[in-house]
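Working notes, beginning with the structure itself.
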Amino acid sequence: MLDRRWVADHTEEVIENCRRRGMPESLLEEIARFSSLDADRRRLKGEIDGLNQQAGLVSRSIGKAASDEEREARKAEGRQLREQISALEVTINEVVAAGDVILRSIPNLTHPDAPAGGEDASVEVRRGSTPLPTFDFKPLDHVSLGEKHDLFDFEAGSKVAGHGFLFSKNDAVLLELAMQRYAVEILARRGFTLTTTPDLARDSILEGTGFMPRGPETQIYSITDSDLSLVATAEITLGGAMQDHVFDADELPLKICGISHCFRTEAGAHGRATRGLYRVHQFTKVEMFAFTKPEESEAMHAELLDIECELFDGLGIPYRVLDIASGDLGGPAYRKYDLEAWMPGRGEAGDWGEVTSTSNCTDYQSRRLGIRFRTPGAKGTTLVHTLNGTALAIGRAMIALLENHQQADGSITIPQPLVAWMGKDRITT
RNA sequence: GGAGAGGUGGCAGAGUGGUCGAAUGCGCGUCUUUGCUAAAGACGUGACCGGUCAAAAGCUGGUCCACGGGUUCGAAUCCCGUCCUCUCCGCCA
């Protein structure tokens with residue numbers, strides 16, 4: 001979330017930003033209301049502070065009271081003050097709660113260079129080093145390739161868990177492991193701390209990271225009779241792990257890699273391009289997360305993007321990089337780049353499909369999570385910036401890999417960097 | 001899962017109803033002594049929300065002793081719930 005005080009003092013700027021992001025008119029009106037709510041909060045806070053001071057003085061005087069009558073009189077006075085305070089606290093809590101609802105619904109500010117507009121306004125800013133493939137045969141999509149080589153069992157997935165789940169089989173398993181090993185290798189070399197993370201997290205952690213468990217339109221699976229949910233991405237746990245932490249300045253920037261399963265209900269996503277691996281309820285992802293000082297976050301964002309490019313260039317997968325338009329940014333993102341890989345089997349004659357996403361969330365997540373750093377000699381603490389990026393989302397990357405590397409004879413070549421981990425250089429029948 | 005112990009400032013650790021944001025030690029900062037280092041001494045050393053101020057500093061009010069509730073004029077201290085840690089037992093990959 002944004003800073004409460006800053007929002008109250010910069011209402012016009014905040015509204016302008018929301019307009020740029022295509023937020024509904026109703027939210028803009030709410031933001032205008034926020035400023036007066038916050039003024040109420042401050043006024044009430046002043047009153048309560050004053051009463052607290054009085055009540056404290058009264059309480060302390062009781063021990064030194066000269067007589068029983070005086071003591072009783074003071075007690076009554078103290079009781080009366082506390083009642084006033086309680087009443088005001090009820091009011092201020094309501095005001096704060098109303099303000100918080102608004103504050104939490106306000107998205108992050110937007111990078112001035114991010115393209116303005118909706119989904120279609122995103123701008124291609126870069127291409128990968130691998131050219132689009134040319135086939136002298138009709139390329140298959142990954143589902144057909146999977147059938148040919150017995151790589152996936154969607155029926156078994158449906159049987160045990162329902163539509164959107166699958167079993168990987170045979171060479172697909174080796175490939176999954178090889179891809180993870182490949183990604184981890186590159187991230188380790190880039191100075192990331194390697195972790196595997198819990199696949200479940202408390203609802204409070206989800207909320208702190210900006211996810212909404214248990215709403216009517218939630219994308220999150222939750223566990224009945226507990227406060228746990230299945231994570232949609234390791235971003236939740238990697239950010240959540242540092243909740244309320246204060247870094248020393250020399251610990252930053254900190255780069256962490258987390259491998260987790262990701263679970264998404266994909267509510268309302270039926271009927272879209274969901275064949276095969278593209279949109280499933282569970283997949284494995286190698287995620288990057290970074291904590292930086294504010295002035296370092298843009299450079300870190302560029303680094304995360306570079307790593308994503310390096311990973312896909314290394315796999316020989318053609319892709320384009322999109323600078324995501326303001327209207328299509330998620331709430332916490334100040335700026336976001338997506339990699340879209342070329343998927344020859346997608347649509348009529350191939351199409352781009354999103355495979356990674358990297359966001360600079362500036363201090364939007366860290367404010368709610370209370371993640372700060374301290375500079376020696378300087379007073380106070382400063383909120384860190386958080387960034388996240390996909391290293392490899394296994395399912396989607398595998399679609400691109402299988403479809404781009406298929407050969408006329410039906411076999412699939414394994415990109416060189418994976419061969420050692422995979423133990424073979426080709427998938428054949 | 002069962003039984004017990006416990007969660008206090010950057011760390012260690014005292015504090016069982018008021019004068020406690022909290023002793024003491026370590027660490028850290030400034031200064032003094034010293035040719036440098038070491039050592040010693042003096043002083044200082046948290047976060048958050050407000051007020052004052054153009055702003056910062058400063059000054060000033062409040063809140064914070066895991067978290068949330070309760071009792072009380074008053075809670076780090078008493079009661080309840082939650083979370084977490086440790087020890088033992090059970091179970092288990």
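Residue numbering restarts at 1 for every chain, and letters A, B, ... go by the order of the sequence lines.
- Between Tyr278(A) and Met343(A), the closest side-chain pair of non-hydrogen atoms falls below 4.5 Å.
- Figure legend. C83(B) is base-paired to G7(B); pairs are counted as Watson-Crick or G-U wobble with both atom distances under 3.5 Å.
- Taking the charged nitrogens against the carboxylate oxygens, Glu29(A) and Arg33(A) have no contact shorter than 4.0 Å, which rules out a salt bridge.
- Rounded to whole Å, the separation between the P atoms of G4(B) and G10(B) comes to 33 Å.
- Taking the six-membered ring where tryptophan is involved, the planes of Tyr221(A) and Phe165(A) are tilted, since the angle between them lies from 30° to 60°.
- Side-chain contact, Arg372(A) with Thr382(A): no donor N or O sits under 3.5 Å from an acceptor N or O.
- Here Lys424(A) pairs with Asp171(A) in a salt bridge; the nearest charged N to carboxylate O distance falls below 4.0 Å.
- Aromatic ring orientation, Phe291(A) versus Phe247(A): tilted (interplanar angle from 30° to 60°).
- With RNA chain B read from its 5' end, the first of the two nearest nucleotides for Arg74(A) and Thr381(A) is the one closest to Thr381(A).
- For U72(B), there is no paired base (Watson-Crick or G-U wobble, both distances below 3.5 Å).
- As rounded to the nearest Å, G46(B) and C11(B) have P atoms that lie 15 Å from one another.
- Base pairing of G41(B): its partner is C31(B), meeting the Watson-Crick or G-U wobble criterion (both donor-acceptor distances under 3.5 Å).
- Annotation: proximity of residues 225-236 of chain A to RNA chain B (heavy atom, distance under 4.0 Å) is found for no residue.
- Glu303(A) has a carboxylate O that lies under 4.0 Å from a charged side-chain N of Lys255(A), or vice versa, which qualifies the two as a salt bridge.
- Exactly one of Arg275(A), Lys148(A), Arg346(A) qualifies for a salt bridge (charged side-chain N to carboxylate O under 4.0 Å, His left out) with Asp141(A). That residue is Arg275(A).
- Comparing G17(B) with G70(B), their C1' atoms are spaced 16 Å from each other, to the whole Å.
- If you check C36(B) for Watson-Crick or wobble pairing at under 3.5 angstrom, you find it has no partner at all.
- Across the P atoms, A14(B) and U24(B) are found 15 Å apart, a figure rounded to whole Å.
- Taking the ring centroids of Phe152(A) and Phe167(A), they lie at or beyond the 6.0 Å cut-off.
- In the 5' to 3' direction, nucleotides of RNA chain B lying under 4.0 Å from heavy atoms of chain A begin and end at G18(B) to C84(B).
- The gap from the P atom of A76(B) to that of G18(B) amounts to 10 Å, rounded to the nearest Å.
- Remark: U77(B) base-pairs with no nucleotide; criterion is Watson-Crick or G-U wobble with both hydrogen-bond distances under 3.5 Å.
- Among the protein residues, Arg41(A) comes within range of the sugar-phosphate backbone only, with heavy atoms under 4.0 Å from sugar or phosphate atoms but none that close to a base.
- Backbone-only engagement by Arg202(A) is indicated by non-hydrogen atom pairs under 4.0 Å involving sugar-phosphate atoms exclusively.
- Going from the P atom of U8(B) to that of G15(B) covers 14 Å, rounded to whole Å.
- Annotation: U77(B) and U16(B) have their C1' atoms spaced 5 Å apart (nearest Å).
- Base pairing annotation: G1(B) forms a Watson-Crick or G-U wobble pair with C89(B), both donor-acceptor distances under 3.5 Å.
- When side chains are defined from C-beta on, Leu387(A) counts as touching Thr292(A), because their heavy atoms get closer than 4.5 Å.
- With a 3.5 Å ceiling on both atom-pair distances, the Watson-Crick or G-U wobble partner of C48(B) is G62(B).
- Nucleotides C64(B) and A12(B) are separated by 23 Å at their P atoms, to the nearest Å.
- When each of Ser61(A) and Lys75(A) is assigned the nucleotide of RNA chain B with its nearest heavy atom, Ser61(A) is the one assigned upstream, toward the 5' end.
- With both pairing distances under 3.5 Å, G21(B) is matched to nothing as a Watson-Crick or G-U wobble pair.
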